[in-house]
Each structure stands twice: as C-alpha cells, then as structure tokens.
Amino acid sequence: MSSAAVLILAVSVSIDAFAVSVGGALCDRTGRCRRNAVNAAAFFGTFQIVMPLIGYFAATLLAGVVAAVDHWLAFLLLGVVGGKMIYEGIRPESEEERRKEGGECSCPPDFFAPKALFIPAVATSLDALAVGASLAFAGTGIWLPVAAMGIVTALASASGVLLGRKLGTLAGERIMMAAGGTAIVLIGLKILLEHTGIL
C-alpha cells in the first residue's frame with residue numbers, strides 16, 4: 001500500500017473521532033481542556049490501533065469461511081447503516097426532541113472521563129475494524145496502516161477537543177456535519193484512486 005493510500009485511509013477513519021471530540025468539547029462542563037485532549041487522544045488513538053488488528057487477525061483466521069460471502073456481508077452492513085441514516089433523516093421529531101432542540105446538550109457531565117470515553121472510542125473505531133478485515137482479505141500489510149491510523153486519530157481527537165472548546169454550538173454542529181461528509185469523500189477517493197491504479 002502506497003504512502004498516499006495509507007494517509008487517506010488514516011485521515012478518513014480518524015474523522016469520526018474528531019467529530020465526537022468536537023461535540024464532547026461543546027458539552028464539556030469540567031473546564032479541563034488539557035486533560036480532556038490527552039484522554040481523547042489516548043482512547044481514540046488506541047482503539048484505532050486495536051480494532052483494525054482484531055479485524056485483521058479475525059479475518060485471517062476466518063478467510064476461508066468469509067471470503068465466499070464477504071461481498072454480501074459488506075452489502076448487508078452498508079444497507080443497515082445507510083437505512084438507519086435515512087430513517088433518522090426522514091422520521092418525524094418527537095415532542096421531547098422538539099423541546100430539546102436548541103436547548104441544553106445531553107452529554108454526560110464529564111464526557112472525557114476514561115469510563116465515559118470507552119463506548120465512543122469503540123463506536124468511532126468500528127470502521128477501523130472493517131478496514132483491518134479488508135486489509136487481510138486484500139493480503140496487504142497491517143502495521144504501517146495501523147500505526148498511521150492510531151497517530152492521526154490521536155492528533156485529530158486532541159485537535160477536536162481544543163477546537164470544540166473555542167466554538168459555539170452552531171459552528172460545532174456544522175464542523176461535525178462537514179467532517180462526516182469529508183470522511184465519505186475520502187473513502188470514495190481512495191477507492192477511485194486504487195481502481196484507476198494511481199495508488
């Protein structure tokens with residue numbers, strides 16, 4: 001895998017952690033910016049290393065079983081995720097959601113405490129789990145991509161904390177939406193460049 005492909009991959013999987021860090025910083029009520037940035041970098045960066053390794057070695061062990069149906073699994077997973085996003089976009093708002101709109105943030109009091117960060121770190125590294133599995137099926141090396149994903153994610157999540165602290169709620173929400181779109185564009189760009197033989 002070329003250096004450009006590794007970098008695009010690392011940036012694309014780090015964007016969720018960046019967006020979550022921005023959102024957590026918008027809701028933060030502890031005022032402990034430096035500690036929050038360090039915790040976010042440690043948790044999100046570590047899980048972006050651990051999860052692809054799990055995906056890689058699991059896929060290596062199960063290659064014979066999964067290889068025959070991996071395209072169906074990918075289709076199913078994409079369908080579930082896409083369907084959920086479509087549903088969230090078109091479903092009518094509940095009375096409670098309308099009351100909350102523009103109101104207070106529903107984050108925990110200390111979003112960046114280690115216990116609170118565990119679930120967001122797992123959630124934002126699920127795409128890295130899939131990346132690890134896909135690298136195994138492609139017969140590509142794992143160590144350089146994993147190191148790049150961990151480092152880039154750690155830097156992105158720490159930056160998200162620092163940036164979110166300086167933003168208003170509306171600006172922060174726009175940053176998070178733009179980040180999500182950027183992730184999709186980068187993944188598409190990587191697939192296109194690989195298909196054309198540039199990467």
Side-chain angles (χ1 to χ4, degrees), residues 3-55 81 85 88-89 97 100-132 142-190:
S3 300
V6 169
L7 184 60
I8 291 172
L9 182 64
V11 171
S12 63
V13 300
S14 73
I15 289 176
D16 284 346
F18 170 77
V20 169
S21 297
V22 170
L26 290 174
C27 296
D28 179 58
R29 298 190 285 278
T30 66
R32 300 170 69 182
C33 185
R34 185 176 298 175
R35 184 218 63 164
N36 293 346
V38 169
N39 283 358
F43 268 80
F44 292 126
T46 298
F47 274 86
Q48 289 284 22
I49 291 172
V50 171
M51 294 292 268
L53 288 175
I54 292 171
V81 172
M85 291 174 71
E88 291 293 334
E97 286 172 326
K100 279 187 177 177
E101 198 169 299
E104 288 188 12
C105 187
S106 58
C107 290
D110 191 357
F111 181 86
F112 294 101
K115 280 198 288 190
L117 272 176
F118 180 79
I119 291 175
V122 171
T124 57
S125 60
L126 289 176
D127 53 351
L129 180 76
V131 165
I142 186 71
W143 299 109
L144 179 60
V146 160
M149 285 189 281
I151 292 167
V152 171
T153 299
L155 294 173
S157 53
S159 301
V161 172
L162 300 174
L163 180 64
R165 186 174 166 81
K166 298 180 183 302
L167 292 173
T169 301
L170 180 60
E173 287 173 353
R174 287 180 176 170
I175 288 279
M176 288 187 284
M177 288 178 67
T182 303
I184 294 168
V185 169
L186 283 172
I187 292 167
L189 176 64
K190 179 180 177 296

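Between the CD atom of Q48 and the CG atom of L53 there is a distance of 11.5 Å, given to the nearest 0.5 Å. Between the OG1 atom in T153 and the CZ atom in F18 there is a gap of 12.0 Å [rounded to 0.5 Å]. To the nearest 0.5 Å, atom CG of residue D127 and atom CE of residue M51 are 9.0 Å apart. Here the CD1 atom belonging to I119 is positioned 12.0 Å from the OG1 atom belonging to T124, to the nearest 0.5 angstrom. Atom CG of N39 and atom CZ of R34 lie 13.0 Å apart (nearest 0.5 Å). The CD1 atom of I54 sits 12.0 Å away from the CD1 atom of I49 when rounded to the nearest 0.5 Å.
Partners of S21 by side-chain contact (heavy atoms from CB on, under 4.5 Å), not counting sequence neighbours, listed by chain and number: A40, F44, S157, V161. In this view, A154 and A41 satisfy the side-chain contact (heavy atoms from CB on, under 4.5 Å) rule, not counting sequence neighbours. For the side chain to side chain donor-acceptor pair (under 3.5 Å) test, residues two or more places apart in sequence or in another chain that qualify with R35 are D110. For F112, the ring-ring contact (aromatic ring centres under 6.0 Å, His included) test picks out no residue, with sequence neighbours left out.
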Below 3.5 Å, can you tabulate the donor-acceptor pairs from side chains in residues 142-149 to any protein atom, sequence neighbours excluded?
none

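Taking both residues in full, the closest heavy atoms of F111 and P120 are given as CZ-CG, 4.2 Å, listed atom of the first, atom of the second, then distance. When all heavy atoms of V11 and I15 are compared, the pair lying nearest together is O-CG1, 3.1 Å.
In this structure, the side chain of T46 does not engage the main chain of F43 through any donor-acceptor pair within 3.5 Å.
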